2 protein chains.
Amino acid sequence: MNRTIDYYTELAQRGLQPSVQRVRILEFLHANRIHPTAEQIWLRLSPGMPTLSRTTVYNTLKLFAEAGIVQTLVIEEKEMRFDIDTSHHGHFSCDRCGTVFDFTASALSGAVPSELDGFEIRERHLYYKGLCRECRTKERRKG
Amino acid sequence: MNRTIDYYTELAQRGLQPSVQRVRILEFLHANRIHPTAEQIWLRLSPGMPTLSRTTVYNTLKLFAEAGIVQTLVIEEKEMRFDIDTSHHGHFSCDRCGTVFDFTASALSGAVPSELDGFEIRERHLYYKGLCRECRTKERRKG
DNA sequence: TTACAATTCTGTAATCATTCCAAATTGTCA
DNA sequence: TGACAATTTGGAATGATTACAGAATTGTAA
Ligand SMILES: [Mn+2]
Ligand SMILES: [Mn+2]
Ligand SMILES: [Zn+2]
Ligand SMILES: [Zn+2]
């Protein structure tokens, strides 16, 4: 089982040229389901690809988003996150540790309120914010 | 009926000093339910208050958010919007004209999925993106 | 009122994620 | 191999937001 080949062909089948950079970024997204930012991806890949440019990471993620390979999450101001899981699900962002958790959300698949009759809905997002279980425990210990 | 006095006392009751700038910004938010950005508020208020600083608008909105007077919306990357309506409701953002619409969303009041047992939920947001009715019509005409 | 401290406001500089852009590199195919 | 197109690179530009330090305003007590 050669993952690199898998992702190489996945890109080719979608009509995207499977450059080394694109395959590595796609690999990273599949292997690290952490809703990373562009910067996080660059930080993790650049040791193994010293010439990798931040701009390439940004360009590639934009390309992937347009091709429907990833969905973009805007939860915190300023930083965009990328999710290789494009299915309908909700996100919980911890204010303390910054982790973004997935959760099942039937609300995203149900009917649209009549107030939006005639609107064309292209994306639906549900996100919660607060403290994750671990961080909540830690906060309690401190008081 | 003197709105200025109303908002003056509203701030005072919340323990916030009702400065001229704060009252004007609060007035604006009540009168213009457009989920404005800080920049929009500044652009609309500065003609009548030539010395108003952008920084003051940002500081005041942060203060209002901490006091629970407004809720902050992060829908588009980079720009934060402010909503004087802090009740649970969903938002639809039009990709074409940028307008942010409200809609009723029972999903925001319901039960939390068991995946988030033990989590402390502080905020819930539901937002859709796409084309509003008007923009959809315009797009169709063009083909 | 007056004086002084505390709070608020102002304007410029700094920050930082993202985008722009032109040059360099790589891929395609005759 | 040679030409042309697509992709990558890295440094500069952008733009919303924040930091900061001095100026203005307000509150308080004599
Ligand atoms: Mn996810
Ligand atoms: Mn609203
Ligand atoms: Zn946490
Ligand atoms: Zn529209």
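Nothing here was measured: the structure is a model prediction, and the numbers come from that model. Labels below follow one simple rule: chain letters A, B, ... track the order of the sequence lines, proteins then strands, and each chain is numbered from 1.
Criterion: ILVMFWY side-chain heavy atoms under 4.5 Å apart, direct or through other members. Under it, B:Leu73 and A:Phe119 are not part of a common hydrophobic cluster.
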Donor-acceptor pairs under 3.5 angstrom involving side-chain atoms of residues 37-53 of chain B: please list them, not counting sequence neighbours.
unit_1, atom_1, unit_2, atom_2, d
B:Thr37, OG1, B:Gln40, N, 3.1
B:Glu39, OE1, B:Arg54, NH1, 2.7
B:Glu39, OE2, B:Arg54, NH1, 2.8
B:Gln40, OE1, B:Thr37, N, 2.9
B:Trp42, NE1, B:Leu52, O, 3.0
B:Ser46, OG, B:Trp42, O, 2.8
B:Ser53, OG, B:Thr55, N, 3.1

Please list, one pair per line, the donor and acceptor atoms closer than 3.5 Å that link side chains of residues 97-113 of chain B to other protein atoms, with sequence neighbours excluded.
unit_1, atom_1, unit_2, atom_2, d
B:Asp102, OD1, B:His35, NE2, 2.9
B:Asp102, OD1, B:His89, NE2, 3.1
B:Asp102, OD1, B:His91, NE2, 3.1
B:Thr104, OG1, A:Glu115, OE1, 2.9

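When each of B:Leu26, B:Ile84, B:Leu63, B:Thr60 is checked for a side-chain contact (heavy atoms from CB on, under 4.5 Å) with B:Val70, only B:Ile84 meets the rule.
With the nearest nucleotide of DNA chain C identified for both B:Lys78 and B:Gln21, B:Gln21 has the one nearer the 5' end.
D:dT7 atom P lies 15 Å from atom CG of A:Leu61, rounded to whole Å. Rounded to whole Å, atom P of D:dT14 lies 19 Å from atom CD of B:Glu77. Whole-Å rounding puts the B:Glu76 CD to D:dT17 C1' distance at 17 Å.
A:Arg124 contributes no side-chain N or O that, together with a main-chain N or O of A:Ile121, makes up a donor-acceptor pair within less than 3.5 Å.
Remark: A:Thr51, A:Leu52, A:Ser53, A:Thr55, A:Thr56, A:Asn59 in residues 37-60 of chain A come within less than 4.0 Å of DNA chain D through at least one heavy atom.
Among residue pairs with one or both ends in residues 54-82 of chain A, none qualify as ring pair (Phe, Tyr, Trp, His ring centres under 6.0 Å); sequence neighbours excluded.
Across B:Gly68 and B:Thr86, no two heavy atoms sit closer than the pair O-CG2, 3.7 Å.
For DNA chain C, the outermost nucleotides in 5' to 3' order that have an atom under 4.0 Å from a heavy atom of chain A are C:dA17 to C:dG27.
Remark: A:Arg141 does not engage A:Glu139 in a salt bridge, criterion side-chain N to carboxylate O under 4.0 Å. Taking 4.0 Å as the cut-off between side-chain N and carboxylate O, A:Asp95 and A:Lys129 do not count as a salt-bridged pair.
In this model, a donor atom of one side chain and an acceptor atom of the other lie less than 3.5 Å apart for A:Ser93 and A:Glu76.
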Under 3.5 Å, N/O pairs linking protein and nucleotides 25-27 of chain D:
unit_1, atom_1, unit_2, atom_2, d
D:dT26, O3', B:Gln17, NE2, 3.3

